[in-house]
Amino acid sequence: MTEQLSLWQAEIQSCQSLRDLDEIRVRLLGKSGEITALLKTLGALPPEERKEKGAEINHLKTVVAETIDSRRYQIEESELAERLIKEKIDVTLSVTPEAVGSIHPISQVFNEIISYFSNFGFEIATGPEIEDEEHNFSALNMPDHHPARQSHDTFYMMPDEAGIRKLLRTHTSTVQIRTMRRQQPPLRILAPGRVYRCDYDATHTPMFHQMEGLVVDKGINFGHLKATVIDFCKHFFERDDLIIRFRPSFFPFTEPSAEMDIGCDRSSGGIKFGQGNDWLEVFGCGMVHPNVLKNCGIDPEEYQGFAFGFGVDRFAMLKYGIPDLRAMFEADARWLSHYGFSPFGGK
Ligand code: DAH
C-alpha cells in the first residue's frame, strides 16, 4: 500500500493545472473513487483485520488529501505569479518625447515667486474673481465716487434684485481685505490670481495675472518693505547689480505709497538690466493705510503693515524675453513649445 501511495503522490506532484488536479481528486477520493472503493471493502473483513486495515486506508486517504491540497496551493501561487508578470505595468517607462507637455511661462513664474516667498513664511491666500464693490474698492479706502475707481476700467455685472452690482475683480488687493477680515495678525500672505480690466493692446489684455503681498505685524516699517521687494527682484531676475529706485506714488489703500522702478537700457531695442538711463515700472507698494486696517477690525495703533502688487505676466515677459502679452493667452502650441518649460525642470 505504501508503494501505491508513493505512486499517487508522484502523480499529484506532477500535476500542472487545477483541472488535472481535480480529476485526480475525483478519481481517488470521489464517491466512486479508488480510495473510497478500498474503504468499502472493509465491511467484508473480519473485525480484527478491519480495524487495522481501516486505520491504514484512512491514513492513506488523509495523506492523499493533504498532498492534493498542498499541490493546489502551489499551482495557485504559480498561476498568480505568472498573471502578475503578464499583467505588469511598467510605471517607470519614460514618457515618449512627443507626449511631453510644457509649463506655461505664467505658471512657471508664479511657481518661482511662490517658492521664493515661502522661504520667508508667506502663505498663499485666495479670493473670488467675481467680487463685490466692497472688497474691490470700498474697504480699500476707495468709497463710492472716489476718482481712483475710474482708473480701473472695471467690468461690471448687471445688478441683482437687491441692487448689488458684482464685478470682475480689477486687482488682487481684494484678497488683503478678505484675509484681514478672516485672520488676526501677524500675517504674511501672497495672493496670486487673475484680474480683469477693459483694456487690450500689445501690453494689456482684459484678463491678466497679479501677485499681491501683505505683511501685517507689530513694528512693521517702510524699511521692511524695501528690503523685501529689492531682495525679491534681485533673486527673481538673477542679478545682484539691479538698479532700483522707489518713486513716491498714490494708491488709496497705502500711505505712503511708492512705485518701484528698475533701471535699464532700452537703446538696443530689447531691455538690459544693470545699465542705462531708462526706468521700468514694476511694482506698486506702500504701508497699509490705517483706514484699511480699521475697515478690517485691526487697530492701526497696534499693528502696521506693508503691501505690494505687481503684474505677473509682465514679470514673465521681462525675465524670459516675451515680446507680446497677447500671445500668452492664444493657446498656440508652437508658442508654448518655444516659450514653455519642461515639466521635469529646466527649459
Ligand atoms: N492694486 C494695485 C493695482 O492693481 C497694485 C498695488 C499697489 C497693490 C500698491 C498693492 C499696493 O498692494 O500696496 O494697480
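The shown structure was predicted, so the numbers you read here are calculated from the model rather than taken from an experiment. Read the numbers this way: they start at 1 and go in the same order the structure lists the ligands and their atoms.
- The aromatic rings of Phe222 and Phe246 lie perpendicular to each other, with more than 60° between the two planes, well past the 30° mark.
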Which protein N or O atoms sit under 3.5 Å from any N or O of ligand 1? Give each pair with its distance.
| residue | atom | partner | partner atom | Å |
| --- | --- | --- | --- | --- |
| ligand 1 | 1 (N) | His171 | ND1 | 2.9 |
| ligand 1 | 1 (N) | Ser173 | OG | 2.9 |
| ligand 1 | 4 (O) | Arg197 | NH2 | 2.8 |
| ligand 1 | 4 (O) | Gln210 | NE2 | 2.9 |
| ligand 1 | 12 (O) | Gln176 | NE2 | 3.2 |
| ligand 1 | 12 (O) | Glu212 | OE2 | 2.6 |
| ligand 1 | 12 (O) | Phe308 | N | 3.4 |
| ligand 1 | 12 (O) | Phe308 | O | 3.4 |
| ligand 1 | 13 (O) | Ala307 | O | 3.2 |

- Should Glu301 and Lys294 be marked as a salt bridge (Lys or Arg N to Asp or Glu O under 4.0 Å) after you check the CA-CA gap, both sets of side-chain angles, and the distance that decides it? CA-CA 10 Å; Glu301 296 296 327; Lys294 275 190 229 159; over 6 Å; no
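- Within the 3.5 Å criterion, the main-chain N or O of Phe155 finds no donor-acceptor partner in the side chain of Arg197.
- Here the CD atom belonging to Glu87 is positioned 11.0 Å from the CD atom belonging to Glu82, to the nearest 0.5 angstrom.
- For residues 54-63, no pair satisfies side chain to side chain donor-acceptor pair (under 3.5 Å), with sequence neighbours left out.
- Between Asp160 and Lys166 no salt bridge is recorded (no basic side-chain N to carboxylate O distance below 4.0 Å).
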